[in-house]
Number of protein chains: 2
Amino acid sequence: MSAAEETPGGEDMPWGEVTPEAARRLLVAAVEAFAERGYHATTTRDIAGRAGMSPAALYIHYKTKEELLHRISRIGHDKALEILRAAADGEGTAAERLADAVRSFVRWHAERHTTARVVQYELDALGPEHRAEIVELRRESEAVIRRIINEGVAAGEFAVSDVPGTTVAVLSLCIDVSRWFNTQGRRTADEVGALYADLVLRMAGAQK
Amino acid sequence: MSAAEETPGGEDMPWGEVTPEAARRLLVAAVEAFAERGYHATTTRDIAGRAGMSPAALYIHYKTKEELLHRISRIGHDKALEILRAAADGEGTAAERLADAVRSFVRWHAERHTTARVVQYELDALGPEHRAEIVELRRESEAVIRRIINEGVAAGEFAVSDVPGTTVAVLSLCIDVSRWFNTQGRRTADEVGALYADLVLRMAGAQK
DNA sequence: AACGAGGGTGAGCAAGCGCTTAGATCTTCT
DNA sequence: AGAAGATCTAAGCGCTTGCTCACCCTCGTT
């Protein structure tokens, strides 16, 4: 194990798990480019250029441009699911856990909206088998939220007539944050997270 | 005025305002292609092929591929804004008008989700001046919703602490329907519209 | 019958695309 | 010291892209 595989500044930095440093630089460059222009409008020359490398260097670390997108999408979805599960498996009432899940999920989509935009909106650019893998992760995310809502209804905390429909709406609301949020806007990620947690509790009919 | 400018089957058919029939066929083909694959992944050959024409025919009716996207985006935004205004300027309490606006806005995004997907998610593919024109239309849509919510708060019908934030959330929720809705899903456009109208009233803190 | 105008086509141009290859350079291990 | 392997580059291949151009039809008008 070489020293290059360790992350010097901490172990949960954004793309710390991408191990050769050049591969990480390329991946970060790709995230920026995909978020700005979209996958299809981004050229491999642009990605390599942003990473300060020649176009050919990309193909030492990634087989294709699509593999680069897949890596980004996979890591991003893993992180998003981890965030949801942490909140869902925590302590407290269903209302507290739902608010927690929405707050942290929204905060991630706002703070890391560049990544989230790629992760959430470039799904169709993936090849069929990679796409299927990611779709499965999304189904799991949906299941996490649905479970909390179901538990809240069972406990009499929530008044929801259509649980699957409300689940879709909650996730949809959170995900779309990455589309409109921008860092120099008038709202911080924390503020949006707090507002959305409140709105979602209202949607679930939670009593104050 | 030639007979070709009249719409034989009715006057508010989907793309009735696009006047030479060949231009309309090309535009409809472009909407389908853009919605399926995205603007940048769609080739002019593909559009022309779907319309049953040669690649060169496209350039008789449209200067560039981007102009085609602009026409689609412009007409779509005009329609969306018209729908919102019709509900906002209607009769009834603020709650009734908000529910009406959300119901019809969501129904449009669900029924015409192919168009809506292009209209809502391909904005960045437009050139700077066309983009600015469309962004202005969106600001007007936002103003319509914000006005209803403000009126509801003033009338004591709603309990909303952050009006601009809630406005963004409501619009965001509606727009995102076009991303996940599909026609052979288990929900009809009407059902989603009704569910979302209810959810939005809850977000606004409207009393039953 | 001749005409001009506009919608349509087949062929193709210049540019840019994803990706490959041959070789230079640097690092690591014996 | 020297071989082996990993990393990166310059050059460029084959292909596709958005778009153009010379030409052909099909018209309503004269």
Side-chain angles (χ1 to χ4, degrees), chain A residues 1-6 15 18-34 36-73 118 122 124-128 130, chain B residues 1-6 15 18-34 36-73 118 122 124-128 130:
Chain A
M1 320 302 171
S2 76
E5 291 184 15
E6 294 151 27
W15 300 104
V18 184
T19 37
E21 196 248 340
R24 177 165 55 240
R25 254 168 43 223
L26 284 164
L27 191 134
V28 169
V31 169
E32 283 171 15
F34 291 163
E36 272 177 34
R37 311 220 225 286
Y39 175 80
H40 289 293
T42 299
T43 70
T44 54
R45 279 163 243 260
D46 182 22
I47 298 169
R50 285 177 194 241
M53 294 163 130
S54 86
L58 196 151
Y59 294 91
I60 293 159
H61 301 283
Y62 303 96
K63 263 204 299 256
T64 62
K65 180 179 148 188
E66 193 265 355
E67 187 192 313
L68 201 36
L69 176 62
H70 173 242
R71 278 269 230 291
I72 294 168
S73 199
V118 178
E122 300 292 345
D124 291 336
L126 289 171
H130 283 162
Chain B
M1 318 307 167
S2 76
E5 291 184 17
E6 294 152 28
W15 300 104
V18 184
T19 37
E21 195 247 341
R24 176 166 54 240
R25 256 169 40 223
L26 284 164
L27 190 135
V28 169
V31 169
E32 283 172 16
F34 291 163
E36 272 178 34
R37 310 222 229 284
Y39 175 80
H40 289 293
T42 299
T43 69
T44 54
R45 278 164 243 261
D46 183 22
I47 298 170
R50 285 177 194 241
M53 294 163 130
S54 86
L58 197 151
Y59 294 91
I60 294 161
H61 301 281
Y62 302 96
K63 263 206 302 258
T64 62
K65 181 178 147 188
E66 193 264 354
E67 187 192 314
L68 202 35
L69 175 62
H70 173 242
R71 279 268 231 289
I72 294 168
S73 199
V118 178
E122 300 291 345
D124 290 335
L126 289 170
H130 283 161

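Quick note on labels: first sequence line is chain A, next is B, and so on, each numbered from 1.
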> For His40(A), which residues count as a ring-ring contact (aromatic ring centres under 6.0 Å, His included) partner, sequence neighbours excluded?
none
> Quick test of your reading: applying salt bridge (Lys or Arg N to Asp or Glu O under 4.0 Å), list the pairs with at least one residue in residues 64-73 of chain B, sequence neighbours left out, ordered by first then second residue.
Glu67(B)-Arg71(B)
> Can you tell me how far C1' of dG10(C) sits from CE of Met53(B), to the nearest Å?
15 Å
> Which residues satisfy the side-chain hydrogen bond (donor to acceptor under 3.5 Å, both in side chains) test with Arg45(A), sequence neighbours excluded?
none
> Holding to ring-ring contact (aromatic ring centres under 6.0 Å, His included), I want the full list of residues that pass it with His70(B), two or more places apart in sequence or in another chain.
His130(B)
> First locate atom OG1 of Thr42(A), then atom CD of Glu36(A), and finally report the distance between them rounded to the nearest 0.5 Å.
8.0 Å
> Strictly under 4.0 angstrom, non-hydrogen atoms only: write out the protein contact profile of nucleotides 10-23 of chain D, one letter per nucleotide from the 5' end, B, S or -.
B-B----BBBBB--
> What's the CD1-P distance between Ile60(A) and dA6(D), to the nearest Å?
12 Å
> Strictly below 4.0 Å: does His61(B) bring a side-chain N or O up to OP1 or OP2 of dG8(C)?
yes
> Do the non-hydrogen side-chain atoms of Glu122(B) and Ile72(B) ever get within less than 4.5 Å of each other?
no
> Counting C-beta onward and ignoring hydrogens, is there a side-chain heavy-atom pair between Tyr39(A) and Val118(A) closer than 4.5 Å?
no
> His61(B) and Ala57(B): which non-hydrogen atoms are nearest, and at how many Å?
CD2-O, 3.6 Å
> The helix from dA1(C)-dT30(D) to dT30(C)-dA1(D): angle between its terminal axes, five pairs each, to 10°?
0°
